[in-house]
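Just so you know, these numbers use all the heavy atoms, side chains as well, and skip hydrogens, waters and symmetry mates.
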Amino acid sequence: MAGAASFGRGERYAISRRVKKLKVTEGELSATVAGTRNYQVRIWAEEGGLSYSCSCPMGDDDVFCKRCVATGLVWLGRTATDQGGLEGPSTADHREVDVRAYLVSLDKEAHAELASF
């Protein structure tokens, strides 16, 4: 639902723990996501698909923004953990390895951008 740039930024938001106050109710996620200010994100099931809203400027244009991506990824991570995660070592162990591999793959500019958070 997100473009490559928004997805990558959303991954970084999720990794840097910018998703706060994640709430899960029947058929809906909501969260506060920290950025230049706090933004409100909602993602819900509707007519066999997903609908979403974000209080950011991108959300005003009906774009599945980096904040929506981050919210979804954090929820997916918690869901995997709640269900026993992956086989073998714990999900947290897998996530640590994945994050490390991701960070190693970044160029200097991307590392500088992450360091500025």
Side-chain angles (χ1 to χ4, degrees):
M1 292 178 69
S6 289
F7 191 86
R9 290 181 187 120
E11 282 182 310
R12 289 192 292 274
Y13 266 44
I15 290 167
S16 61
R17 299 180 180 203
R18 291 178 176 244
V19 177
K20 310 291 182 190
K21 301 179 185 177
L22 178 67
K23 293 181 185 174
V24 181
T25 58
E26 190 172 324
E28 181 176 309
L29 305 174
S30 63
T32 299
V33 181
T36 53
R37 65 180 188 88
N38 287 333
Y39 296 95
Q40 303 306 309
V41 173
R42 285 182 53 232
I43 302 173
W44 65 96
E46 184 174 83
E47 298 177 17
L50 289 179
S51 293
Y52 51 90
S53 69
C54 181
S55 61
C56 75
M58 299 285 291
D60 290 341
D61 295 332
D62 293 325
V63 173
F64 197 82
C65 66
K66 62 188 173 188
R67 294 159 200 86
C68 290
V69 170
T71 299
L73 290 174
V74 168
W75 175 75
L76 286 171
R78 287 185 181 179
T79 300
T81 301
D82 293 344
Q83 294 175 355
L86 303 170
E87 291 183 18
S90 74
T91 303
D93 292 339
H94 283 284
R95 231 180 280 131
E96 181 178 314
V97 171
D98 291 344
V99 170
R100 185 175 294 123
Y102 171 73
L103 291 173
V104 167
S105 73
L106 297 176
D107 60 23
K108 288 182 182 180
E109 292 81 21
H111 277 279
E113 182 182 335
L114 284 173
S116 69
F117 291 121

Open item on the list: I need the minimum non-hydrogen distance between Gly72 and Ile43, along with the two atoms involved.
Closed with: N-CD1, 4.2 Å

Open item on the list: Please find the pair of heavy atoms, one from Val69 and one from Ala2, that lie closest to each other, and give the distance.
Closed with: CG2-CB, 3.5 Å

Task: Residues that, via side-chain heavy atoms closer than 4.5 angstrom, fall in one hydrophobic cluster with Met58 - done: Val63

Open item on the list: Taking ring pair (Phe, Tyr, Trp, His ring centres under 6.0 Å) as the cut-off, I'd like each qualifying pair that reaches into residues 18-38, sequence neighbours left out, listed once.
Closed with: none

Open item on the list: Run the side-chain hydrogen bond (donor to acceptor under 3.5 Å, both in side chains) test against Ser51 and tell me which residues pass, sequence neighbours left out.
Closed with: Glu46

Task: ring pair (Phe, Tyr, Trp, His ring centres under 6.0 Å) partners of residues 14-52, not counting sequence neighbours, each pair once - done: Tyr52-Phe64

Open item on the list: If you compare all heavy atoms of Thr71 against all heavy atoms of Val19, which two are closest, and at what distance to 0.1 Å?
Closed with: N-CG2, 3.9 Å

Open item on the list: I need the Cys65 SG to Met1 CE distance, nearest 0.5 Å.
Closed with: 10.5 Å

Task: Heavy-atom pair of closest approach, residues Ser53 and Cys68 - done: O-SG, 4.3 Å

Open item on the list: Per the salt bridge (charged side-chain N to carboxylate O under 4.0 Å, His left out) rule, what does the pair list look like for residues 65-76, sequence neighbours excluded?
Closed with: none

TODO: Locate the shortest heavy-atom distance separating Ala14 from Ala70; write the atom from each residue and the value.
DONE: N-CB, 3.9 Å

Open item on the list: Would you say that Trp75 contacts Val24 through its side chain, given a criterion of any heavy-atom pair below 4.5 Å between the two side chains?
Closed with: yes

TODO: Sequence neighbours left out, what passes salt bridge (Lys or Arg N to Asp or Glu O under 4.0 Å) with Glu28? Give chain and number order.
DONE: Arg42

Task: With sequence neighbours excluded, residues passing side-chain hydrogen bond (donor to acceptor under 3.5 Å, both in side chains) with Thr32 - done: Gln40

